[in-house]
There are 2 protein chains.
Amino acid sequence: MSTAEVSSTRLACPRQAAQRGTLSPERIVAVALEIADSDGLDAVSMRNVAATLGVGTMSLYTHVKDKDALLVLMRDAQFAECLVEDTGPDWRTGFTRVARQTRESLLRHPWAVALGLRPALGPNRLRHMEQVLTIAAEITDDPTAQRTIIHAVDDLVIGCATQELAARAIGADVPRPHCGLRRRINADPTLRALLASGEFPHLARVLAESSPFAAKRFEQALTWLLDGIERTYQPDA
Amino acid sequence: MSTAEVSSTRLACPRQAAQRGTLSPERIVAVALEIADSDGLDAVSMRNVAATLGVGTMSLYTHVKDKDALLVLMRDAQFAECLVEDTGPDWRTGFTRVARQTRESLLRHPWAVALGLRPALGPNRLRHMEQVLTIAAEITDDPTAQRTIIHAVDDLVIGCATQELAARAIGADVPRPHCGLRRRINADPTLRALLASGEFPHLARVLAESSPFAAKRFEQALTWLLDGIERTYQPDA
DNA sequence: CGGTGCACCGTACGGTGTACGGGCACGCAT
DNA sequence: ATGCGTGCCCGTACACCGTACGGTGCACCG
């Protein structure tokens, strides 16, 4: 008994312990999330994830079908961060809270936006859908209209986050004139010449001004959209 | 003379002709676009592009710094499709036309959306910015407000296209009940069980209905947003 | 005790981006 | 005319990727 126990744990693996129960989809996804958050999506390779877990690369495939499946699981994990605890007293604050939280989550995890085209359909996504549907149900009973409303809000949030992260990648998110975009254009001789050609009067004027904060732009756009929705379904207000 | 000429053209390259002037950034980008359109973004590899051009892989690097630079050039080429010839009589039709055209271009070239986070800053992007700035100038003279408006519209379009392409990838873009999303959920035992748990009353109801066409949703969302903008800057109408 | 299944893993294959160095053709100065 | 620099084209090589395949040993069941 005792000898068998010892031998089983010692001889199990030449390099490390890596017992039988060390691996699970949850642990794999958790590590992948950590790597993506700290080192970017490109650093999430099967080899890297496995090494971080102290495990052989191919062992991952017993718990995750594909790398693609792993990415989908990651995206669904991110969807959990979009859920709000309290949707508030009315649909407007409900949507506002969800939208803000979703935006912040996406900005925290740029890889989630990069995974945008991947159709993540998991439990958390379902929960998120249910939550926004509940909010939309306060506006109208028509399920089709509910979906239209939800999509509009979601689209705006995703687009905002995408653009904001792209601007951040350029370094154009600094809300001061002669920074960011302006500097970027000046760095490229072709673009600078193009701008100096006089064919871009409005652009030239705008570049001399400071740009509004991304957060401000987001709030304004959201307000406009919600205004439009309100006018359609509650014109009396 | 004649012998030198012949020898120079014949001995130039062991495999093919591939003379001196065959390569240029434009030709490279054009081929890359073709490949991306027909075989997807993953098919755009330096080896593949070079082979299609009948040229050695490393030759591309004399005209394009990086693969990343190539992708940026591709994105800028796509921006050309967002330009409209006639912006129409007023800002509303102007934004509507640009938004529609941009959406259609993105749906035609899904790889452009996948490149979303890449900060493409090229001549065509500049032209597009100038165009929408010209439209926004009809609303207000404040450059900051102009940028806010433009970003709002752009964000909505990008978000719409992203979501629509993601839905298309799932096969959830079919506007009939019990198709797309519903089928997808039923295919996964976990999700089906989750849905049957009764914790998703709104979702269950919605899945029984047909979803609106993506184009309709887009038009509605755009209308809402433009309504909101109009109410802010032209409350008299 | 024998057998079966499953979790783990080493190796290998075909793919990727690109650093490096070499060869060749051209244009220019001498 | 001759020599040379410059820039285009390219073959090779390296590190890394996802993953198909086969092997190995533990745990459990009959």
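A, B, ... follow the sequence lines: proteins, then strands. Residue 1 opens every chain. Quantities reported herein were computed from a predicted structural model and do not represent experimental measurements.
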Quiz item: Does atom CG of D42(B) have more than 12 heavy-atom neighbours, drawn from other residues, nucleotides or ligands, at distances under 6.0 Å?
Solution: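 No.
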Write down the distance between [atom1] ([X]) and [atom2] ([N]), rounded to a whole number of angstrom.
| X | N | atom1 | atom2 | result |
| --- | --- | --- | --- | --- |
| N48(A) | dA15(D) | CG | C1' | 14 Å |
| K65(B) | dG17(C) | NZ | C1' | 12 Å |
| L23(B) | dC10(D) | CG | P | 8 Å |
| K67(A) | dC17(D) | NZ | P | 8 Å |
| L71(B) | dT16(C) | CG | C1' | 13 Å |
| D42(B) | dC17(D) | CG | C1' | 13 Å |
| M46(A) | dT16(C) | CE | P | 20 Å |
| M58(A) | dT24(D) | CE | P | 17 Å |

Side-chain N or O of [X] closer than 4.0 Å to phosphate OP1/OP2 of [N]:
| X | N | result |
| --- | --- | --- |
| S59(B) | dC8(D) | no |
| T22(A) | dA7(C) | no |
| T62(B) | dG7(D) | no |

Any idea which of [options] is nearest the [X] side chain?
| X | options | answer |
| --- | --- | --- |
| S45(A) | dG17(C), dC17(D), dT19(D) | dC17(D) |
| H63(A) | dC8(C), dC17(D), dC8(D) | dC8(C) |
| R47(A) | dC8(C), dA12(C), dT18(C) | dA12(C) |

Practice problem: Scan side-chain atoms only and decide if H202(B) and Q146(A) contain a donor-acceptor pair under the 3.5 Å cut-off. | Solution: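 The answer is no; no qualifying pair exists.
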Quiz item: Does T57(B) or S24(A) map to a spot on DNA chain C nearer the 5' end, using the closest nucleotide for each?
Solution: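 Upstream on the strand: S24(A).
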Quiz item: At what distance, to the nearest 0.5 angstrom, does CD of Q78(B) lie from CG of L106(B)?
Solution: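 If I round to the nearest 0.5 Å, the distance is 5.0 Å.
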Quiz item: Distance from R125(A) atom CZ to I185(B) atom CD1, nearest 0.5 Å?
Solution: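 Between R125(A) CZ and I185(B) CD1, I get 9.5 Å after rounding to 0.5 Å.
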Practice problem: Could you please spell out the steps behind the side chain to side chain donor-acceptor pair (under 3.5 Å) verdict for N124(B) and R127(B)? | Solution: CA-CA 5 Å; N124(B) 289 321; R127(B) 278 187 264 270; 3.2 Å; yes
